[in-house]
Amino acid sequence: MKLAIISDTHFGYARFEEDSYIQAENAFLDADKKADLIIYAGDVFDTKTPKLETLNRAVEILKKVKKPIFAIHGNHERRSKGMVNPAQLLATMGAFRYLHGEAAEFDNLGEKVQIFGLGNVPEELASIALKKALENFKPNPNALKILVLHQSIKELIPNAENEISLEELETLPFDLIINGHIHGKLTKLGGRFIIPGSTVVTQLKKDETAPRGYVLYDTKAKTHEFVEITCRKFFYEELEFKDAGIEEIKKIVEEKIKELKKLDNSAIIRIKIKGTAREGLTSSDITFVNRDDVYLDNHLNATTLKDKLERIKRIKDQKISVKELAIKELEEKIKDKIKLFSPRDLFDKLVIGTDETLEYLKSENK
Ligand SMILES: [Mn+2]
């Protein structure tokens, strides 16, 4: 049989709300044609208490799907124990079967799958929660056994701490392990571990420029393919400048936007500008992009930790006083631009007192 694996639809995602509905619908309707069963790995909604309009749209979309859907909740809709999360609510409405710490079986013309779902739990509890949940799990020797999770994975993220690991998941009695949460498509353990990625762009990260879609899994051949869905294009570009003036930066950024819009007028665009702007021009001066589908990431004149350390080292080598250094820095910064005061005089007056400083600033002969 064929399984469709869909995840992270983020219904109601405010920034690209319409995309969240349209692209999830594209995935579900296509999966309905190609698969016998659909597995939905969490983050159905973007928030734990979605608007009624969002709930309504989600039900409208999922009602069009004829094949059975088995779903878990993600971190975006997780609520405290005893409270109803919106994925549970959809299950009550009959949109899908909801699994949290339990297994369900599905039979297609005599071929069986057994699905164990565990919705998102705090990362540091994932390992113990899964162990505990599996205490009552009775693997069916005649079924293909599938685990569905929505967690971070130790080996897949930087600075990992207490996340559940692939190493641990690999030892569990499942033929297929499906995970949501991570928005880029990914497979590990020789295809035994599958992440389909999100159906909508949410984080505007470079890796989200990859096509959106879902995974179609063949239970007999134990192979999978990624099925691309029609979705809004997302471009991510980086532009580097060196001592550039605001007009030059503006011109180049605007040309880049024009060029990308020519490729696809409805595209979402994120441009990271980095490097250095002309002395005296701060990065906050660059605020000229005013469109809701273009995002400008301003890293101009950003000082890295390495730069800062090198500066401290230079100061030490120069063996000059902090005051002398401040005067030099300020003189360099305001050179030919601000003639209201001389940094050296200003510092001298500041040492004497605020009255003297104000007097100095007011006086004409500097
Ligand atoms: Mn998500």
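Here the structure is a predicted model, which means the values were calculated and not measured. Computed from heavy atoms alone, side chains included, the values below leave out hydrogens, waters and symmetry copies. When a ligand or atom number is given, it counts from 1 through the structure's own listing order. One is the number of the first residue; the rest follow in order along the sequence.
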Surrounding [atom1] of [X] (heavy atoms of other residues, nucleotides or ligands, distance under 6.0 Å), is the total greater than 12?
{"X": "K2", "atom1": "NZ", "value": "no"}
{"X": "K349", "atom1": "NZ", "value": "no"}
{"X": "E161", "atom1": "CD", "value": "no"}

Which N, O or S atom of [X] lies nearest to the Mn ion (ligand 1), by name:
{"X": "D8", "result": "OD2"}
{"X": "D43", "result": "OD2"}
{"X": "H10", "result": "NE2"}

Quiz item: Backbone or side chain, does H183 get an N/O/S atom under 2.8 Å to the Mn ion (ligand 1)?
Solution: yes
Quiz item: Quick check: does H76 have an N/O/S atom under 2.8 Å of the Mn ion (ligand 1)?
Solution: no
Self-check item: F45 ring center near Y13 ring center (under 6.0 Å)
Solution: no
Quiz prompt | Aromatic plane relationship, F174 with F137 - under 30° parallel, 30 to 60° tilted, over 60° perpendicular | solution = parallel
